[in-house]
A.B. asks: 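The structure's right below; bear with me while I get my questions together.
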Amino acid sequence: MQPENLWDAITHQIKLGVFWKDRQRNFLGANQYFLDYYGLTLPEVIGLNVHPENFQESEMQLLEDGVPVKERGKTRSRGQIREIMILKAPVYDQDQIVGLIGFFMDITNTSKQINRLENEAARDDLTSLKNRHNFARDFNYLTGKPILAMMLDVDHFKKFNDNFGHRYGDEVLKKISQALLKIYGIGHCYRYGGTNSWCSATLLILTRLRKKTGSSGKNWNMPGSWIFT
């Protein structure tokens, strides 16, 4: 395998953006995928020094300590904001860092899919409230902090389902959930209980308490607050 064949694969064949910079972060070169991605020519790239805040700090740190970087960020490609994953590594000459080389791939569509799946996994399908799994995660952030917790259970919900059918029971849960969302917002409302047949419906509201100062200048908290430890 000849070095020129490897170089041709990197600069023309590989479906990744490749670029390299000097110590001052000026572009020294880029492969064809990079040029096509941004709609630029090689002369337009060489010597270019751009300073996107989301990448500048990590590159400066890499050039200082030599630790490779893997990061996600946003970039503008042909007039559109895209999300990319970048791998960067230092380039050495006689044990001195003289620049860096970077590889990137577009993950815009993948990122959207991941965000959608994460959102679906965190929400209850019927009510759109946060689910019990999300509650367990949020609960960790609230440990040791004063919070107000309200648990709502719909009375005689099983009878309603038995008499009118689960379809109408679903509508009841939706209406109640929509009312809670309007008052407390999605960040504080969870569907905590309920079986697959929707024979029970337990909703939970969990929010941090905020101290208020009255005209007397004294701080007060709502009675009945809990501190989870």
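None of these values were measured; they are calculated from a predicted model. By convention here, the first residue in the shown sequence is residue 1.
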A.B. asks: Taking the side chain as every heavy atom from C-beta outward, state whether Ile84 and Phe55 have any pair of such atoms under 4.5 Å apart.
C.D. replies: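 Sidechains of Phe55 and Ile84: in contact.
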A.B. asks: Minimum heavy-atom separation for Arg191 to Leu129, with atom names?
C.D. replies: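 Heavy atoms only, the tightest pair is N-CB, 3.9 Å.
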A.B. asks: Kindly determine whether Arg76 and Arg82 satisfy side-chain contact (heavy atoms from CB on, under 4.5 Å), including the steps that lead there.
C.D. replies: CA-CA 6 Å; Arg76 182 177 293 276; Arg82 310 288 294 180; over 6 Å; no
A.B. asks: Do the side chains of Leu48 and Met60 join up, straight or via other hydrophobic residues, at under 4.5 Å, putting them in one cluster?
C.D. replies: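 No, no single cluster joins them.
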A.B. asks: Centroid separation under 6.0 Å, is that true for the rings of Phe34 and Phe103?
C.D. replies: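 No, they do not, as the ring centres are separated by 6.0 Å or more.
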A.B. asks: In Å and rounded to the nearest 0.5 Å, what is the NZ to CD1 distance from Lys70 to Ile86?
C.D. replies: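 Going from NZ on Lys70 over to CD1 on Ile86, the span is 12.5 Å.
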A.B. asks: Taking Asn31 for the side chain and Val18 for the main chain, is one N or O donor matched with an acceptor at less than 3.5 Å?
C.D. replies: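 Yes; judged by distance alone, with no hydrogens or angles, the pair exists.
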A.B. asks: Would Lys15 and Met105 satisfy side-chain contact (heavy atoms from CB on, under 4.5 Å), going step by step from the backbone distance to the final call?
C.D. replies: CA-CA 8 Å; Lys15 299 303 180 182; Met105 64 184 299; over 6 Å; no
A.B. asks: Using side chain to side chain donor-acceptor pair (under 3.5 Å) as the criterion, list what pairs up with Asp65, not counting sequence neighbours.
C.D. replies: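 Asp65 satisfies side chain to side chain donor-acceptor pair (under 3.5 Å) with Gln61 only.
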A.B. asks: Could you tell me which residues satisfy side-chain contact (heavy atoms from CB on, under 4.5 Å) with Glu83, sequence neighbours excluded, listed by chain and number?
C.D. replies: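 Result, side-chain contact (heavy atoms from CB on, under 4.5 Å) vs Glu83: Arg72, Lys74, Ile107, Thr108, Ser111.
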A.B. asks: Under the side chain to side chain donor-acceptor pair (under 3.5 Å) test, which residues partner Asn131, sequence neighbours left out?
C.D. replies: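 Once residues adjacent in sequence are excluded, Asn131 has no partner under the side chain to side chain donor-acceptor pair (under 3.5 Å) criterion.
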A.B. asks: Taking Asn163 for the side chain and Lys159 for the main chain, is one N or O donor matched with an acceptor at less than 3.5 Å?
C.D. replies: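 Side chain of Asn163 to backbone of Lys159, a donor-acceptor pair under 3.5 Å: yes, one is there.
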A.B. asks: State, to 0.1 Å, how close Leu180 and Cys189 come at their nearest heavy-atom pair, and which atoms those are.
C.D. replies: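 Where Leu180 meets Cys189 most closely, the heavy atoms are O-SG, 3.8 Å.
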A.B. asks: Looking at Arg78, I want to see if its CZ is surrounded by more than 12 non-hydrogen atoms of other residues, nucleotides or ligands under 6.0 Å.
C.D. replies: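 Buried by this count: over 12 neighbours within 6.0 Å.
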A.B. asks: Might you point out which heavy atoms bring Asn161 and Gly169 nearest each other, and give the distance in Å?
C.D. replies: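 In this case the closest contact between Asn161 and Gly169 is OD1-CA, 3.3 Å.
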A.B. asks: If the condition is ring pair (Phe, Tyr, Trp, His ring centres under 6.0 Å), which residues does Phe164 pass it with, not counting sequence neighbours?
C.D. replies: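 For Phe164, the residues satisfying ring pair (Phe, Tyr, Trp, His ring centres under 6.0 Å) (neighbours in sequence not counted) are Phe160.
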A.B. asks: Provide the closest heavy-atom pair for Leu28 versus Ile46 in the form atom of the first, atom of the second, distance.
C.D. replies: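 Closest heavy-atom pair between Leu28 and Ile46: O-CG1, 3.8 Å.
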A.B. asks: Hey, are Asp170 and Lys174 close enough for a salt bridge, meaning a charged N less than 4.0 Å from a carboxylate O?
C.D. replies: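 Salt bridge absent between Asp170 and Lys174.
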A.B. asks: Looking only at heavy atoms, what is the nearest atom pair of Thr75 and Tyr38, with distance?
C.D. replies: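 It is OG1-OH, 2.9 Å.
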A.B. asks: How many angstroms lie between CG in Leu173 and NE2 in His166, if you round to the nearest 0.5 Å?
C.D. replies: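 NE2 of His166 is found 11.5 Å from CG of Leu173.
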A.B. asks: Listed by chain and number, what are the side chain to side chain donor-acceptor pair (under 3.5 Å) partners of Tyr37, not counting sequence neighbours?
C.D. replies: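 Testing Tyr37 for side chain to side chain donor-acceptor pair (under 3.5 Å), a comparison that skips the adjacent residues, returns Asp106.
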A.B. asks: Measure the CE-CG distance between Met85 and Leu16 for me, rounded to the nearest 0.5 Å.
C.D. replies: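 CG of Leu16 is found 12.0 Å from CE of Met85.
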A.B. asks: Give a yes or no on whether Phe19 and Leu42 share a hydrophobic cluster (residues Ile, Leu, Val, Met, Phe, Trp, Tyr; joining criterion: side-chain heavy atoms under 4.5 Å apart).
C.D. replies: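 Same cluster.
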A.B. asks: Is Leu100 reachable from Val67 through a run of I, L, V, M, F, W or Y residues, each pair having side-chain heavy atoms under 4.5 Å apart?
C.D. replies: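 No.
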A.B. asks: Would you please test Glu44 and Thr41 for side-chain hydrogen bond (donor to acceptor under 3.5 Å, both in side chains) and show each step?
C.D. replies: CA-CA 5 Å; Glu44 291 175 324; Thr41 64; 3.3 Å; yes
A.B. asks: I'd like to know if the side chain of Asp93 and the backbone of Gln96 have a donor-acceptor N/O pair within less than 3.5 Å.
C.D. replies: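 Pair absent, no side-chain N/O of Asp93 close to backbone of Gln96.
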A.B. asks: According to a 4.5 Å side-chain heavy-atom criterion applied to Ile, Leu, Val, Met, Phe, Trp and Tyr, with indirect links allowed, do Val172 and Ile183 form part of one hydrophobic cluster?
C.D. replies: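 Yes.
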A.B. asks: Does Ile97 form a side-chain contact (heavy atoms from CB on, under 4.5 Å) with Tyr92? I'd like the steps, not just the answer.
C.D. replies: CA-CA 5 Å; Ile97 298 176; Tyr92 287 88; 3.4 Å; yes
A.B. asks: Can you tell me how far the CG atom of Leu63 sits from the OG atom of Ser58, to the nearest 0.5 Å?
C.D. replies: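 The CG atom of Leu63 sits 9.5 Å away from the OG atom of Ser58.
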A.B. asks: Could I get the full list of side chain to side chain donor-acceptor pair (under 3.5 Å) partners for Lys88, not counting sequence neighbours?
C.D. replies: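 Lys88 satisfies side chain to side chain donor-acceptor pair (under 3.5 Å) with Glu59, Glu71 only.
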A.B. asks: Looking only at heavy atoms, what is the nearest atom pair of Val45 and Ala30, with distance?
C.D. replies: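 It is CG1-CB, 4.4 Å.
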A.B. asks: Check the hydrophobic clustering (I, L, V, M, F, W, Y; side-chain heavy atoms under 4.5 Å; chains of links allowed) and say if Tyr168 and Ile176 are grouped together.
C.D. replies: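 Yes, it is one cluster - the side chains of Tyr168 and Ile176 are joined through contacts under 4.5 Å.
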